[in-house]
Amino acid sequence: MRRALAGACLAALAACGEPTVPARTPAYGFDDPVTGDVFRWPVARLPVRLWVDPRGALPRLVDDGLRAWEAMFLYGEFRGVTVADSVGADVLVRWAGAVPPDVPPDPGPPAFACGGVTQLSIDAGNALDDYVRVDITVTAGYTDAQVAACVARVATHELGHVLGILQHSPDTTDVMHPSPRIGEPSDGDRRTVEVLYHTEPTIGPRP
Amino acid sequence: MTARAATLAALLVFRPAPLPAQWGGYASLGARYGTALVSDSIVRPLDVRQAVAPVLALGLITPSDGRWSGEAALDVTFTGIDRDEGGAAVELGSLATVSFTVAVRRGLASGVVARAGAGALFYRPEREAGIFRAGTSGAAPVGLLGVSWAPAAARRYGLALDLRYDVHRFITPALRAVGFTDSRVVHRIAVALRVGIGGSR
């Protein structure tokens, strides 16, 4: 009887076989819309090293953005760190122009009070030949609080490009929408970057 | 790590006086292998695997009626976990598993004791990230089968070789969040050297 009970317990635990693996489809494209090339940071280059302009709120915003993107991954696919010296960094993040004051962000509807550009320079061998460069700009005519809220969203958006998302999402609820309305990656962003980091890249990092 | 190893060694070397009324106990130290915690497929298949790792167990054994006795055991494993994808492994940190089980034991032959039981198993990740970014699912029911063998020459020193198999199901809130609806069966097997204390061993 006891033997039968023990066997029944083990059988109950082991029952039902393997779980169904959820389907993985990106919410939007991540490859270069012109060439179809794919870029992501290879495991051997992790953690990615970012030098961040120390002025204003940028170091904190970039750090928050990195943590938000890292949290999208289940299996340690991406890690990023900020470094104090730009020599040896993989990515440079800077203010292009005026540095806005570090004030609490406006909690109201999103105002598009800033902009951002991420540049990847690629050589003939399809490898990066320079730092990945991120420039954040402030648009005149908005309150400091609106600018602070915008810069937080745009920093996270540009970091999505740094990770290798080379397109924009058509969905306004994704942080990778060209005019981001949210400050953290969405489920659609997660699904996209997750597939990217298991896709073979065609663009390599700087040697 | 050195301090941990010293503690384990001390537990095996130190043998307290026998407990009264034929209650017994044991400490054991060995190695454990476990099957993959997660099998996923993102573009291509990948597994989250546990490394073969040290296992420490402490047990308390009830007085025997001649054939049957009971056992309660606490079992701890410290293991590394890797992502294995296309033959390439990426370290994902370390993990402790702690299980508490109760079992019935029966002597089968001279020096051979078998046991079967059940209990609860807990995961304690090194950091809340990746599959553990939203914590763990709490206690997982665990079932176990085990057999210990004490050759005549080893019995006088209270030594026995112990083989333990256990099975439980694994899932985390982070895995549920990405669409895993069922937990995965995880099988583990451990081989250990056991040192008996007191009456029943």
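Residue numbers begin at 1 in each chain, while the letters A, B, ... track the order of the sequences. Only this structure's heavy atoms are used, side chains among them; waters, hydrogens and symmetry mates stay out.
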Contacting region of B:V186 [heavy-atom separation from chain A under 4.5 Å]: neither

Toward chain A, the part of B:E85 with a non-hydrogen atom under 4.5 Å: side chain

Parallel, tilted or perpendicular, judged at 30° and 60°: which one describes the rings of A:F78 and A:F73? tilted

Top residue by heavy-atom pair count (under 4.5 Å) with chain A, among B:V43, B:D40, B:I131? B:D40

Whether the A:S186 and A:D189 side chains hold a donor-acceptor pair (N or O, under 3.5 Å, no angle test) is what I'd like checked. yes

I'd like to know if the side chain of B:R49 and the backbone of B:D82 have a donor-acceptor N/O pair within less than 3.5 Å. no

Ring centroids only, cut at 6.0 angstrom: are A:H168 and A:H157 within range, meaning strictly under it? yes

More than 12 heavy atoms of other residues, nucleotides or ligands under 6.0 Å from CZ of A:R181: is that the case? yes

Give a yes or no on this: more than 12 heavy atoms of other residues, nucleotides or ligands lie within 6.0 Å of atom CD of B:E91. no

Can a salt bridge be assigned to the pair B:D166 and B:R188 using a cut-off of 4.0 Å between side-chain N and carboxylate O? yes

Checking B:A129 against chain A: side chain, backbone, both or neither under 4.5 Å from a heavy atom? neither

Using a heavy-atom distance cut-off of less than 4.5 Å, which residues of residues 32-63 of chain A contact chain B? A:V43

So which part of B:L46 gets closer than 4.5 Å to some heavy atom of chain A, the side chain, the backbone, both or neither? side chain

Establish, from distance only, whether the side-chain atoms of B:T35 and B:R184 form a donor-acceptor pair under 3.5 Å. no

Check whether any side-chain N or O of A:S169 sits under 3.5 Å from a backbone N or O of A:M176 as a donor-acceptor pair, and report yes or no. no

Using 0.5 Å steps for rounding, measure from the CG atom of B:L161 to the OG atom of B:S148. 9.0 Å

Relative to chain B, which of A:E200, A:R190, A:E70, A:R24 shows the most heavy atom pairs under 4.5 Å? A:R24

Most chain A-contacting option - heavy-atom pairs closer than 4.5 Å, from B:T181, B:L92, B:V178: B:V178

Under 4.5 Å from a heavy atom of chain B, the part of A:Y75 involved: both

